[in-house]
Number of protein chains: 2
Amino acid sequence: MNEKYVLSSKIVSLMILMEGTAMNEHIKPDQCQVQEAIGILVGKWKPIILLHLMKEGTQRFSELKREIPEITQKMLTKQLRELEAEGIVDRKVYPEIPPKVEYSITEYGKELQPILEAMHEWGEKHAQMKKERA
Amino acid sequence: MNEKYVLSSKIVSLMILMEGTAMNEHIKPDQCQVQEAIGILVGKWKPIILLHLMKEGTQRFSELKREIPEITQKMLTKQLRELEAEGIVDRKVYPEIPPKVEYSITEYGKELQPILEAMHEWGEKHAQMKKERA
DNA sequence: CCGGATCCTGTACGATACTG
DNA sequence: CAGTATCGTACAGGATCCGG
């Protein structure tokens, strides 16, 4: 491996973080841990769903549907199930009639919150920069 | 909750900044600023490209290609151009023969670094959690 | 109220070949 | 060396209807 070190302190800290992990080698797309995280967030609606659940706490299916009117039931169901499968969201079914299903962020899922917030922050800044460039 | 992870001070300050601002009302998918950020990182190869450029600094097209062997030229070109269009990556063409093109992370793009770090960190943890569940 | 089943469409991605 | 051009495929997302 060629060692061509031109380093800002930021890069140094990144390198320390990555030491012995993914950064050193040929990173394949399916090994990349950043992809792990992105993969979970990518669905067109997942960030929105998560933001709502994080802000409002536990919510029923129909509440989410009301707060995100443009989404179809199918999509809402599907994306919630995917988040559930990853352990990010908890699904609680009340065996009643009419049916009642509540969704909430798991403790584990809450660890994603700072990342979502950082992305929100950056995204806002980026959107504004795009405007200024026009 | 346990603080197993020391978040970078940048993220912590972002969290403070975001308090009370981020998650308000009916967020449409095309307004969601988290989507802004994700949209830029989604390409199958973009995180990998960015990690390489962040680690190695300025690199030629062929160097990147060599470090990411599974990617096709077409894809490498395309994703680099998209990153360039967003202002994340700088493209420097040397009008020589044979051609020479160098890519690097812009100062602006470096602001993504803490986010990528956080995602990498979380992704690693998540990947391991999945294993344990099996 | 919640969500599964079906069908349809755009596009991200890839293999391959060609060029200044 | 660093790209375009062309063609082909898989899959995410959406519209709509059905069911417990």
Side-chain angles (χ1 to χ4, degrees), chain A residues 2 27-32 34-50 52-53 58-86 89-104, chain B residues 27-32 34-35 38-50 52-53 56 58-86 89-104:
Chain A
N2 50 347
I27 310 168
K28 291 185 182 175
D30 48 342
Q31 305 173 333
C32 178
V34 176
Q35 292 288 23
E36 257 302 314
I38 290 184
I40 284 159
L41 267 19
V42 205
K44 181 171 177 183
W45 305 96
K46 282 183 193 147
I48 299 179
I49 293 170
L50 290 175
H52 275 291
L53 286 177
T58 300
Q59 294 211 273
R60 295 187 59 168
F61 184 88
S62 51
E63 291 178 298
L64 283 170
K65 178 78 185 71
R66 211 175 307 122
E67 283 163 16
I68 314 174
E70 313 97 314
I71 197 173
T72 62
Q73 281 195 355
K74 175 193 170 182
M75 273 299 120
L76 184 51
T77 301
K78 191 185 170 199
Q79 311 244 341
L80 280 168
R81 290 295 166 86
E82 288 171 12
L83 292 170
E84 186 195 3
E86 299 293 344
V89 156
D90 185 50
R91 181 168 179 266
K92 193 169 183 182
V93 181
Y94 296 83
E96 310 171 355
I97 293 190
K100 177 177 169 184
V101 182
E102 284 182 348
Y103 292 93
S104 56
Chain B
I27 310 166
K28 290 184 183 176
D30 47 343
Q31 307 172 334
C32 178
V34 176
Q35 292 289 22
I38 290 185
I40 284 158
L41 299 173
V42 203
K44 181 171 178 184
W45 305 96
K46 282 182 193 147
I48 299 178
I49 293 170
L50 289 175
H52 275 291
L53 286 176
E56 311 279 346
T58 301
Q59 294 209 272
R60 296 186 58 166
F61 185 88
S62 51
E63 291 179 299
L64 283 169
K65 179 77 183 73
R66 211 173 309 123
E67 285 164 14
I68 314 175
E70 313 98 313
I71 197 173
T72 62
Q73 281 194 354
K74 175 191 170 182
M75 273 298 120
L76 184 51
T77 302
K78 190 185 171 202
Q79 312 242 343
L80 281 167
R81 291 294 166 84
E82 289 171 13
L83 291 170
E84 187 195 3
E86 299 293 345
V89 156
D90 185 50
R91 180 169 180 265
K92 193 169 184 183
V93 181
Y94 296 83
E96 310 171 354
I97 293 187
K100 176 177 169 184
V101 181
E102 284 182 348
Y103 292 93
S104 56

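Residue numbers begin at 1 in each chain, while the letters A, B, ... track the order of the sequences. Computed from a predicted model, the values in this text were never measured in an experiment. Just so it is clear, the values below take in all heavy atoms, side chains as well, and ignore hydrogens, waters and symmetry mates.
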- Item | For A:E36, all residues meeting side-chain hydrogen bond (donor to acceptor under 3.5 Å, both in side chains), sequence neighbours excluded | none
- Those residues that, when tested against A:P29, pass side chain to side chain contact (heavy atoms under 4.5 Å, CB included) (two or more places apart): B:K44, B:W45, B:I48, B:E70
- Looking only at non-hydrogen atoms, find the nearest pair between A:Q35 and B:G43 and report the distance. NE2-O, 3.6 Å
- Taking all atoms of both residues into account, what is the closest heavy-atom pair of A:P99 and A:R60, and its distance? O-NH2, 3.4 Å
- Please, which pairs that meet side-chain hydrogen bond (donor to acceptor under 3.5 Å, both in side chains) have at least one residue in residues 92-104 of chain A, sequence neighbours excluded? A:R91-A:Y103, A:Y94-A:E102
- Measure from CE on A:M75 to C1' on C:dC2 and round the result to the nearest Å. 16 Å
Under 3.5 Å, which donor-acceptor pairs link side chains of residues 71-83 of chain B to any protein atom two or more places apart or in another chain?
residue : atom : partner : partner atom : Å
B:T72   : OG1  : B:M75   : N            : 3.2
B:T77   : OG1  : B:Q73   : O            : 2.9
B:Q79   : OE1  : B:K46   : N            : 3.4
B:E82   : OE1  : B:K46   : NZ           : 2.6

- Message: Is there a side-chain contact between A:Y103 and the phosphate of C:dC2, meaning an N or O under 4.0 Å from OP1 or OP2?
- Response: no
- Can you check whether A:R66 has a side-chain N or O nearer than 4.0 Å to OP1 or OP2 of C:dC2? no
- Message: If you assign each of A:P98 and B:E70 to its closest nucleotide in DNA chain C, which residue comes earlier from the 5' end?
- Response: A:P98
- Query: Once you round it to whole Å, what is the distance between C1' of C:dC13 and NZ of B:K46?
  - Reply: 12 Å
- Query: Got a sec? Which of residues 77-86 of chain A come in under 4.0 Å of DNA chain C, heavy atoms?
  - Reply: A:T77, A:R81
- Task: Look at the side-chain N and O atoms of B:T72 and state whether any lies under 4.0 Å from the OP1 or OP2 oxygen of C:dT16.
- Result: no
- Message: How many whole angstroms separate atom CH2 of B:W45 from atom C1' of C:dG14?
- Response: 10 Å
- Message: Just verifying a value: how many Å separate B:I68 CD1 and B:R66 CZ, rounded to the nearest 0.5 Å?
- Response: 12.0 Å
- Message: Without decimals, in angstroms, what is the distance between B:F61 CZ and C:dG20 P?
- Response: 18 Å
- So do B:V34 and A:L41 actually touch side chain to side chain, heavy atoms under 4.5 Å? no
- Would you mind reading off the bend of the helix from C:dC1-D:dG20 to C:dG20-D:dC1 from its two end axes, five pairs each, to 10 degrees? 50°
- Going 5' to 3' along DNA chain D, which nucleotides are the first and last within contact of chain A (any atom under 4.0 Å from a heavy atom)? D:dG13 to D:dG20
Pull out every protein N or O sitting under 3.5 Å from an N or O of nucleotides 5-11 of chain C, one pair per line with the distance.
residue : atom : partner : partner atom : Å
C:dT6   : O4   : A:K74   : NZ           : 3.2

- Integer-rounded Å distance: C:dC2 P and A:I68 CD1: 14 Å
- Task: Let me know which of B:E63, B:Q59, B:E67 forms a side chain to side chain donor-acceptor pair (under 3.5 Å) with B:H52.
- Result: B:E67
- Nearest heavy-atom pair of A:V42 and A:I38: which atoms, and what distance? CG2-O, 2.6 Å
- Message: Near DNA chain C, counting only heavy atoms under 4.0 Å, which residues of residues 34-41 of chain A show up?
- Response: none
- Message: Go nucleotide by nucleotide along DNA chain D from the 5' end; which of A:P99 and A:I71 gets its closest nucleotide reached first?
- Response: A:I71
- Task: Evaluate side-chain contact (heavy atoms from CB on, under 4.5 Å) for B:D90 paired with B:T58, printing each intermediate quantity in order.
- Result: CA-CA 9 Å; B:D90 185 50; B:T58 301; over 6 Å; no
